[in-house]
Amino acid sequence: MKKVITYGTFDLLHQGHINLLRRAKALGDWLIVGVTTDKFDIERGKMNSYNNLMERIEAVRSTGYADQIVIEEYKGQKIDDIQKYGVDIFAIGSDWEGYFDYLKEYCEVVYLPRTEGISSTLLRGERPSVKVGILAPDDVKSSFIREAGVVNSIEIESDPDACDALFVASPADLHYQQVKEALEKGKHVLCETPIAFTTKESEELFAIADRKKLVLMLSDKTAYCPAFGHLVSLLKSGAIGEIMDVSVSGPNGSMSEDAGIALLPIFKLLGTDYRDVSFFTRMADGKDIFTKGILRYDKGIATFKVGPGAKSEGNMVISGTKGYALVPAPWWRTDYFEIRYDDRNLDKKCFYPFVGDGFRYEIKDFVSAILRSSFQKILRREMLGMADVLERYLLGKNVYHL
Ligand code: CTP
């Protein structure tokens, strides 16, 4: 029996895919189709698929040409698959001409003619997209535009009246007013932390968003990147036992700029139901240059330190009854962490992609929250908790000056 294998993303299945699969099948007796995982696509810089993995597998199955469907998860898997399944022919569209010649060492390689005039990219371009305006300093703006280029269903709009949504990364004291105005005008908002300096103002913004059925999402690269998401789910599933202590160091902005970022892992892991919070802070020229915050929970404790005034290793350590997690610096843009136990044989090192400068993950989630009402990774109570901590600090509640 002659076995043929081919691979692809097969997003928004189209005639080009169908022709390719038919031709590949005709080369032998058994066709194996490798469908790339979303994670693998992201690793190779492609995160604009419209259909998720299950939808894409179903689409390939529905063509009736695949005798077997496998999932392509990592670079180098093609060689492993060819050997594992005893493949005779590797087939792929002619847009890859020459690229896979290295597989000739393992089997025959055939480049099949590509169907002209159709592609997933073209079809994605025809779908509705969100027009996003940007209120940010030039460097952040250009990074946002660059990263938005790899996400589908988004266009950058320079006319503030013509946009459907706004990205706000202006100085923190302008956020509340700018977010409020944008929401009142019917625009979805992605805003850097904090969205406001008080709980009352934050609640007011959420009330407007709800009334107008708009997305109000917090911009925080950490929250949306793959490593952080998995760290939280792993630890919440009991990987280190009961969590007793979360110790967060950095980032280096002041309390009003970066407290939200530092509080995110604390709230994700210990919840927002803290008993009290105290602050130890050092001021210079009217600005907080160093602040250490301590949140006391019924069964745990969390500390964070922010500010440009004291240098430190920007890592995060989470202690549990059975083990601990270490996220090396800078923990807020992490692609790697370790889970450690007394028995070193059980230790785990976990690696994840963090592609580009990390904006793409939150841009993708923002667009999908608008177009598909998908789940938002930072919960509302977490955003309100951030505002509450900041408000207590600004009001001087339990603030000790050093
Ligand atoms: N293919 C084809 N003709 C097309 C489009 C794709 O023969 N018009 C082939 C590709 O060469 C590949 C397979 O279909 O062998 C899967 O391609 P995939 O990358 O999933 O589809 P594209 O439409 O090329 O996707 P994109 O636009 O995202 O690159």
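We use all heavy atoms of the structure for the numbers below, so side chains are in, but hydrogens, waters and symmetry mates are not. Every number for a ligand or one of its atoms is a count from 1 in the order of the listing.
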(Q) Just to be sure I read this right, does ligand 1 sit under 4.0 Å from the backbone of Glu116, its side chain, both, or neither, counting only heavy atoms? (A) neither

Q: Check Val151 against Arg360 and note the closest heavy-atom contact, atom names and distance.
A: CG2-O, 3.8 Å

**Q.** Numbered atoms and elements of ligand 1 in range of Ser120, under 4.0 angstrom, heavy atoms
**A.** 21 (O), 22 (P), 23 (O), 25 (O), 26 (P), 27 (O), 28 (O)

Q | Heavy-atom closest contact (Met383 atom, Phe206 atom, distance) | A | SD-CZ, 3.6 Å

**Q.** Residues Lys3 and Asp29 bridged, charged N to O under 4.0 Å
**A.** no

**Q.** N-O pairing of Lys221 and Glu362 below 4.0 Å
**A.** no

**Q.** Any donor-acceptor N or O pair under 3.5 Å, side chains Ser219, Glu192
**A.** no

Q. If you count the atoms of ligand 1 from 1 in the order shown, which ones are under 4.0 Å from a heavy atom of Ile118?
A. 4 (C), 5 (C), 8 (N)

Q: Just jot down the ligand 1 atoms closer than 4.0 angstrom to any heavy atom of Thr9, in number order.
A: 20 (O)

Q. Counting both backbone and side chain atoms, is some N or O of Asp11 under 3.5 Å from an N or O of ligand 1?
A. no

Q) Would you say Arg114 has any N or O atom under 3.5 Å from an N or O of ligand 1, going by distance alone? A) yes

Q.
Using a plain distance cutoff, I'd like to know if Gly8 has any nitrogen or oxygen under 3.5 Å from a nitrogen or oxygen of ligand 1.
A. no

Q.
If we ignore hydrogens and angles and just use 3.5 Å, is the side chain of Tyr352 paired with the main-chain N or O of Thr334 as donor and acceptor?
A. no

Q.
Polar contacts were defined as any N/O atom of the residue lying under 3.5 Å from an N/O atom of the ligand; does this apply to Arg124 and ligand 1?
A. yes

**Q.** Listed partners of Asp210 passing salt bridge (charged side-chain N to carboxylate O under 4.0 Å, His left out), at least two apart
**A.** Arg380

**Q.** Sub-4.0 Å heavy-atom contact, Gln15 with ligand 1
**A.** no

**Q.** For Lys180, all residues meeting salt bridge (charged side-chain N to carboxylate O under 4.0 Å, His left out), sequence neighbours excluded
**A.** Glu204

Q) Quick one: does ligand 1 sit under 4.0 Å from the side chain of Asp95, the backbone, both or neither, non-hydrogen atoms only? A) side chain

Q: For ligand 1, find out whether one of its N or O atoms is nearer than 3.5 Å to an N or O atom of Thr115.
A: yes

Q: State whether the shortest distance between N or O atoms of Gly93 and N or O atoms of ligand 1 falls below 3.5 angstrom.
A: yes

**Q.** ligand 1 contact on Leu20 by region, counting heavy-atom pairs under 4.0 Å
**A.** side chain

(Q) Out of all atoms in ligand 1, which are within 4.0 Å of some heavy atom of Phe10? Include the element for each. (A) 16 (C), 20 (O)

Q | Ion pair Arg344/Asp347, N-O distance below 4.0 Å | A | yes

Q: Identify the two heavy atoms, one from Ile318 and one from Ile240, that lie closest to each other, and give their separation to 0.1 Å.
A: O-CD1, 3.5 Å

(Q) Show me which atoms of ligand 1 lie under 4.0 Å from any heavy atom of Ser119. (A) 23 (O), 27 (O)

